[in-house]
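Worksheet: one structure, shown below.
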Amino acid sequence: MTRNTLIKNARIVNEGKIVEGDILIEDNIIKEIDTSISVKSADILVIDVEGNYVFPGMIDDQVHFREPGLTHKGDIESESRAAIAGGITSFIEMPNTNPQTTTLEKLEEKFAIAANSSYANYSFMFGGTNDNLEEILKVDPKTVAGLKLFLGSSTGNMLVDDPKVIEKIFSSTDMVISVHCEDEATIKANLAKYKEQYGDDIPMAMHPKIRSEEACYLSSSKAIELAKKTGARLHVFHLSTGKETNLFSNKIPLKDKKITAEVCVHHLMFSEEDYAKKGSHIKWNPAVKTTKDRDQLWKALLDDKIDVIATDHAPHTLEEKNNKYTSTPSGGPLVQHALMALMEAHHQGKISVEKIVEKACHNPAILFNVEKRGYIKEGYFADLVIVDPQSPWTVNKSNILYKCGWSPFEGNTFKSRITHTFVNGQLVYNNFNVLDVKAGQRLTFDR
């Protein structure tokens with residue numbers, strides 16, 4: 001049963017402002033926000049946050065939780081637990097599971113799993129392939145986050161490479177079409193060149209040369225050109241190059257944009273200089289690239305050419321990761337540490353807390369038309385995260401919650417920590433303890 005809660009003395013971060021005040025939660029809703037709220041009922045839990053920040057829960061628009069079929073790496077239960085510990089209260093999961101989420105039947109099976117096991121709010125992308133347009137057209141946009149197309153192959157072999165099919169999909173749906181953009185022919189040619197030089201034991205530092213700037217730009221520019229031609233609503237996932245940022249505009253508000261972009265935490269935090277120390281643990285697709293690319297991604301994020309920050313959380317076991325280049329899968333776990341990494345960037349003067357909230361909470365809600373989430377507003381669902389900006393802790397094996405048991409941030413000391421997370425008004429995380437409360441609900445969309 002949900003217990004009502006009063007959060008006192010908060011620094012509420014919302015819509016570009018920090019306001020000091022109190023928040024009253026009744027059932028699963030934010031009932032009241034005011035400078036001072038007093039209640040007399042003994043049934044209300046009072047939490048004095050002593051001037052710490054209260055953020056809306058993050059909405060992560062791109063995760064791979066590996067269920068069904070790949071659950072030795074992670075599952076909806078384990079990874080959503082890690083997500084709420086990291087301040088992510090809603091997630092949108094990708095279709096490249098086993099079996100792939102490319103029929104309505106398989107989609108509803110995943111919703112049923114999440115209804116029983118998710119600690120966070122959830123939705124799923126429907127996967128497009130070279131031959132499932134009929135299924136795509138049956139998807140209800142009010143109950144499903146959107147459509148995902150891999151225009152360059154990645155984990156799960158869901159490459160959509162028939163230009164006629166891609167154009168037909170772009171022309172046939174009003175849903176947000178999210179795309180992974182890397183040009184397959186360019187990658188294959190680059191890989192062949194480096195295999196000739198090194199065999200299978202290619203140095204990890206060659207990854208951004210194989211999955212190169214050219215491979216990314218060629219694919220994303222083509223997708224944008226097609227979206228303009230067809231009028232499709234296109235969202236380009238995980239930008240990794242400075243060059244690509246020039247394809248996007250900050251001239252109109254996000255709600256009016258037809259073409260949008262996302263950057264992931266790892267492309268903001270790491271660069272090619274980190275391969276020497278971290279190796280395959282920072283091998284992602286698209287690749288982490290140069291320090292110049294990273295700087296240009298930050299610039300585009302701050303000037304609103306990039307709209308959303310996400311994680312692309314994609315766990316693999318250490319056994320899988322500790323292989324030669326050609327056998328090592330790309331991807332890594334991030335949901336537990338993404339917000340703290342962004343807070344670290346805030347402490348370094350790179351980004352304001354208001355901007356973090358805009359890009360990780362407000363903008364995913366706008367972009368996907370998520371109903372009554374992503375903001376701290378009366379009448380909205382009480383998905384809230386309390387952040388102490390001055391309470392250092394170090395990431396280590398004992399406090400990592402991912403099923404895969406490792407993190408690219410292992411050994412990092414973060415200045416900030418999350419003290420409490422609420423999902424739909426229920427306290428689900430409290431000072432390093434995940435409570436056994438599965439409060440997640442299916443996301444709905446105002447379309």
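Remember, predicted model here, so these are calculated numbers, not experimental data.
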Does a side chain donor of either Asn285 or Ser330 reach within less than 3.5 Å of an acceptor in the other side chain? yes
Between Glu320 and His72, a side-chain donor and acceptor under 3.5 Å: yes
4.5 Å side-chain heavy-atom contact, Lys148 and Thr101: no
Mark yes or no for whether Ser219, through its side chain, and Ala215, through its backbone, hold a donor-acceptor pair below 3.5 Å. no
Before we go on, tell me: are the rings of Phe409 and Phe270 under 6.0 Å apart, centre to centre? yes
Do the non-hydrogen side-chain atoms of Leu334 and His266 ever get within less than 4.5 Å of each other? yes
Just checking, any donor-acceptor pair under 3.5 angstrom between side chains of Asn9 and Asp48? yes
For the pair His267 and Asp293, evaluate side-chain hydrogen bond (donor to acceptor under 3.5 Å, both in side chains) and give the outcome as yes or no after the intermediate values. CA-CA 9 Å; His267 291 121; Asp293 285 309; over 6 Å; no
Could Lys110 and Glu67 be called an ion pair, given the rule that one side-chain N must be under 4.0 Å from one carboxylate O? no
Would Asn190 and Arg211 count as having a side-chain donor-acceptor pair, cut-off 3.5 Å? no
Criterion salt bridge (Lys or Arg N to Asp or Glu O under 4.0 Å) on Lys438 and Glu77, from CA distance to verdict: CA-CA 9 Å; Lys438 291 174 182 166; Glu77 183 171 9; 2.9 Å; yes
Between Ser391 (side chain) and Asp388 (backbone), is there a donor-acceptor pair under 3.5 Å? no
Within the 4.5 Å heavy-atom criterion, are Val423 and Ile84 side-chain neighbours or not? yes
I'd like to know if the side chain of Asn430 reaches the main chain of Asn433, judged simply by a donor and an acceptor atom lying under 3.5 Å from each other, with no hydrogens or angles considered. no
Ionic contact status for Asp295 with Lys299, cut-off 4.0 Å: no
Quick check: Phe150 with His180 (ring centres under 6.0 Å apart)? yes
Donor-acceptor side-chain pairing of Thr394 and Thr413 below 3.5 angstrom: yes
Fit a plane to each ring of Phe124 and Tyr122, take the angle between them on a 0 to 90° scale, and name the class: parallel (under 30°), tilted (30 to 60°) or perpendicular (over 60°). tilted
Answer with yes or no whether the side chains of Thr444 and Glu371 bring together a donor and an acceptor at under 3.5 Å. yes
Looking only at the side chains, is there a donor atom on one of Thr241 and Glu244 sitting less than 3.5 Å from an acceptor on the other? yes
Assess whether a salt bridge exists between Lys8 and Asp22, defined as any Lys/Arg side-chain N lying under 4.0 Å from an Asp/Glu carboxylate O. yes
Sidechain-backbone polar pair: Lys258 side chain, Ala232 backbone, donor-acceptor under 3.5 Å: no
Hey, are Asn424 and Arg373 close enough side-chain-wise for a donor-acceptor pair under 3.5 Å? yes
Counting C-beta onward and ignoring hydrogens, is there a side-chain heavy-atom pair between Phe248 and Val236 closer than 4.5 Å? yes
Do we see a donor-acceptor contact under 3.5 Å between the side chains of Asp383 and Asn121? yes
The test is salt bridge (Lys or Arg N to Asp or Glu O under 4.0 Å); show your working for Lys243 and Glu214 and say whether it passes. CA-CA 9 Å; Lys243 187 176 182 182; Glu214 181 195 8; over 6 Å; no
Between the side chains of Asp200 and Lys324, is the shortest nitrogen-to-carboxylate-oxygen separation below 4.0 Å, so that they form an ion pair? no
Are Tyr429 and Phe422, when compared by the centres of their aromatic rings, separated by less than 6.0 Å? no
Within the structure provided, determine whether Leu384 and Thr421 are in side-chain contact (heavy-atom separation under 4.5 Å). no
Regarding Asp60 and Thr311, do their side chains bring together a donor and an acceptor under 3.5 Å, going by distance alone? yes
List the steps and the verdict of salt bridge (Lys or Arg N to Asp or Glu O under 4.0 Å) for Asp304 and Lys359. CA-CA 9 Å; Asp304 299 334; Lys359 299 294 183 179; 2.8 Å; yes
Short side-chain to backbone donor-acceptor contact, Glu410 and Ser407, under 3.5 Å: yes
Answer yes when Lys228 and Glu225 have at least one side-chain N-carboxylate O distance shorter than 4.0 Å, and no when they do not. no
Suppose we call two aromatic rings close when their centres sit under 6.0 Å apart. Are Tyr402 and His313 close by that rule? yes
Checking side-chain polar atoms at under 3.5 Å, does Lys289 have a donor or acceptor matched by the opposite partner on Ser240? yes
Polar side chain donor-acceptor pair, Ser352 to His346, under 3.5 angstrom: no
Between Thr291 and Ser271, the two heavy atoms sitting closest are CG2-OG, 3.3 Å
Aromatic rings Phe91 and Phe65: how do their planes relate, parallel, tilted or perpendicular, breaks at 30° and 60°? tilted
Any side-chain to backbone donor/acceptor pair from Ser280 onto Lys321? Under 3.5 Å, distance only. yes
Compare every heavy atom of Pro315 with every heavy atom of Lys73, then report the nearest pair and how far apart it is. CD-O, 3.3 Å
Pairing of Asp174 and Arg233 as salt bridge, 4.0 angstrom limit: no
Inter-residue atom distance Trp393.CH2 - Asn412.CG, 0.5 Å rounding: 9.5 Å
Please check if the side chain of Trp298 supplies one atom and the backbone of Lys350 the other of a donor-acceptor pair under 3.5 Å. no
In terms of heavy-atom contacts, Thr89 and Gly57 come closest through OG1-CA, 3.1 Å
Answer whether the closest heavy-atom distance between the side chains of Ile306 and Leu239 falls below 4.5 Å. yes
Distance flag, aromatic centroids of Phe445 and Phe368, threshold under 6.0 Å: no
So, Asp34 side chain and Ile37 main chain: donor-acceptor pair closer than 3.5 Å or not? no
Looking at every heavy atom in both Ser90 and Leu443, which two are closest together, and how far apart are they? OG-CD2, 3.7 Å
Would you name the heavy atoms of His64 and Ala314 that are closest together and state the gap between them? CD2-CB, 3.9 Å
Is Lys283 close enough and on-axis enough to Tyr325, meaning under 6.0 Å and within 45°, for cation-pi? yes
Heavy-atom closest pair (Ile376 atom, Pro56 atom, distance to 0.1 Å) is CD1-N, 3.6 Å
For Asp307 and Asn363: C-alpha separation, side-chain torsions, deciding distance, then whether side-chain hydrogen bond (donor to acceptor under 3.5 Å, both in side chains) applies. CA-CA 7 Å; Asp307 305 288; Asn363 283 5; 5.2 Å; no
Stepwise, does the side-chain hydrogen bond (donor to acceptor under 3.5 Å, both in side chains) test hold for Arg66 with Thr71? CA-CA 6 Å; Arg66 305 302 192 200; Thr71 52; over 6 Å; no
Is any side-chain heavy atom of Val395 less than 4.5 Å from a side-chain heavy atom of Phe414? yes
